[in-house]
Amino acid sequence: MHKVTKEHINKLADYFWEIPKSFREDMRVPAQILASEKILDDIIEDRSLNQLVNVATLPGIRKAALVMPDVHEGYGFPIGGVAATMHPDGAISPGGIGYDINCGVRLLTSQLTKDDIKDQLEALSKELYAQVPSGMGKGGQIRLSSEQIDEVLRTGAEWCVEHGYASQEELKYIESHGKLKWADPSCVSQMAKNRGLDQLGTIGSGNHFVEVASVDEIYDREAANAFGLCENQVVVMVHTGSRGLGHQVATDHIRVMVSAMRNYDIRLPDRELACVPFNSEEGKNYFKAMCSAANFAWCNRQIISWEIRNAWNTVFGENGGQLDLMYDVAHNIAKVEKHVIDGKEEKVIVHRKGATRSFGSGFDELPDEYIPIGQPVIIPGSMGTCSYVLAGTIKSYDLTFGSCCHGAGRRLSRRAAKKQVNAPVLKEQLRERGIYIEAGSFRGIAEEAPIAYKDVNSVVETVNCSGVAKKVAKIKPLVVVKG
DNA sequence: ATGTGC
């Protein structure tokens with residue numbers, strides 16, 4: 001199979017490119033790329049665009065297989081990919097969602113400014129590290145019974161309201177209100193449940209983190225006001241997912257699908273794209289399990305917020321004010337949504353893997369004050385660089401099935417990063433720039449070094465200029481806690 | 001991403 005090169009790519013518009021269906025005879029739809037010229041030059045080097053072409057062969061795929069500017073290689077599908085398949089008989093593919101089901105980001109807003117907390121950054125970093133368990137395989141303080149894990153899987157963030165970890169009010173500041181109703185714990189294996197029993201309220205490792213940051217620049221005053229953001233304000237960002245439970249759900253169902261595929265006469269260029277029809281027995285079981293794992297992840301991020309609030313109160317006491325949930329987005333998930341294709345509304349299964357939903361104004365799932373603006377889109381940069389808050393747009397429905405990028409996107413493998421980076425030196429350099437890192441291992445710091453990632457500014461510039469989301473605010477890190 | 005690798 002031939003590699004994608006620049007000659008195969010047509011320019012459709014500024015920041016928008018296409019590999020036509022004619023590139024390979026097994027493509028069912030074209031492959032489209034959201035990128036600046038420079039980002040396109042970078043990503044053409046690796047296999048991510050070949051993976052994108054593979055995605056374009058999925059049974060029932062509609063309109064186009066897409067990647068966002070933070071694209072990089074992933075399991076089967078590229079990370080930063082979007083694929084919408086026909087409902088109900090098109091494919092559902094766990095590889096199009098990712099092993100970390102409902103990996104996502106939330107942002108909490110405080111009533112403090114960066115000046116208010118400048119002398120307590122070290123204390124805050126230590127307290128957050130103490131209160132929020134992190135690291136591979138790490139458990140937390142909460143031990144669920146087998147009845148309780150089923151409740152968590154069924155009800156997601158709602159479980160937190162009943163158990164004092166959330167207010168009823170804040171649930172509407174979570175994508176899908178923190179619960180997918182198709183969840184069915186009977187489709188989640190005992191092993192997956194066991195792995196989740198003590199993992200609520202833990203961030204894990206890799207690129208997961210808790211970050212305290214301050215608002216550095218506002219681009220859209222009206223949207224910033226609606227989201228509750230202002231200059232120099234301190235905010236807290238959380239990036240994590242469904243931990244070992246979600247990973248086990250993916251593992252279990254990929255195994256089932258790989259062997260079930262032959263019954264549906266599905267042939268694919270890469271076995272990592274394993275999929276079955278959404279309305280098949282295996283497809284329905286996976287979707288119900290995926291929804292359960294997504295609910296677990298929302299519950300997890302909510303309990304982490306409770307831990308952060310406890311740390312906040314310990315460090316700042318009565319001067320700390322409150323931490324309000326601005327929004328919580330998923331970026332590894334599949335959703336059944338309606339989109340207009342060829343002028344007609346269709347129900348599709350939108351796979352977003354390392355891609356954030358970016359629905360525009362008028363979307364009535366949002367809290368009232370966000371409806372005129374569009375949904376918040378939270379884009380973390382790499383460790384020690386800036387991050388962005390954007391707002392979704394109507395235009396994203398036309399271009400990307402209402403989707404946007406999810407981060408800076410890796411440019412170096414973990415291996416390559418470890419070779420190039422001296423973690424203790426990097427930690428010291430960040431400290432000199434006023435950023436306090438608290439991490440369980442130097443390895444994690446090396447793998448997540450800024451050099452291992454694309455420049456988040458140009459990734460965000462791409463989504464902003466192409467119109468799939470609009471910039472609202474930039475935030476700069478003060479404290480980072482990771483595994 | 002992940003009780004880290006067919």
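The sequence lines fix the lettering, A, B, ..., with proteins before strands; numbering per chain opens at 1.
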Rounded to whole Å, how long is the line connecting atom NE2 of A/His239 with atom P of B/dT2?
10 Å
Could you say whether A/Arg443 or A/Tyr99 is positioned toward the 5' end of DNA chain B, judged by the nucleotide with the nearest heavy atom to each?
A/Tyr99
Just how far, in rounded Å, is P of B/dT2 from CE of A/Met136?
7 Å
Looking at A/Arg414 and B/dT4, is any side-chain donor or acceptor paired with a base atom of the opposite kind under 3.5 Å?
no
Got more than 12 heavy atoms from elsewhere within 6.0 Å of CZ, A/Arg143?
yes
Axial cation check for A/Phe401 ring with A/Lys63, 6.0 Å and 45° limits
yes
Is any side-chain N or O of A/Ser205 closer than 4.0 Å to OP1 or OP2 of B/dT4?
no
Pick base, sugar-phosphate or nothing for A/Gln199, based on heavy-atom distances below 4.0 Å to the nucleic acid.
sugar-phosphate
Whole-Å distance separating the CD1 atom of A/Ile101 from the P atom of B/dT2
12 Å
Sorted by chain and number, sequence neighbours left out, side chain to side chain donor-acceptor pair (under 3.5 Å) with A/Asp455 holds for A/Asn457, A/Ser458
Could you tell me how far apart A/His247 (NE2) and B/dG5 (P) are, to the nearest whole angstrom?
7 Å
In whole angstrom, give the distance that lies between atom CD1 of A/Ile254 and atom P of B/dC6.
13 Å
Could you list all the side chain to side chain donor-acceptor pair (under 3.5 Å) pairs where at least one residue sits in residues 251-270 of chain A, not counting sequence neighbours?
A/Ser189-A/Asp252, A/Gln248-A/Asp252, A/Tyr264-A/Glu282, A/Asp265-A/Arg267
Answer with base, sugar-phosphate or nothing: what part of the nucleic acid does A/Glu73 contact at a heavy-atom distance below 4.0 Å?
nothing
Select base, sugar-phosphate, or nothing to describe what A/Gly98 touches, counting heavy atoms under 4.0 Å on all strands.
nothing
Round to the nearest Å and state the distance from A/Asn332 atom CG to B/dT2 atom C1'.
13 Å
Using a strict 4.0 Å threshold on nitrogen-to-oxygen distance, state whether A/Arg410 and A/Glu448 make a salt bridge.
yes
Nearest whole Å is fine: how far is B/dT4 P from A/Arg243 CZ?
12 Å
Atom NZ of A/Lys138 to atom P of B/dT2: distance rounded to whole Å?
13 Å
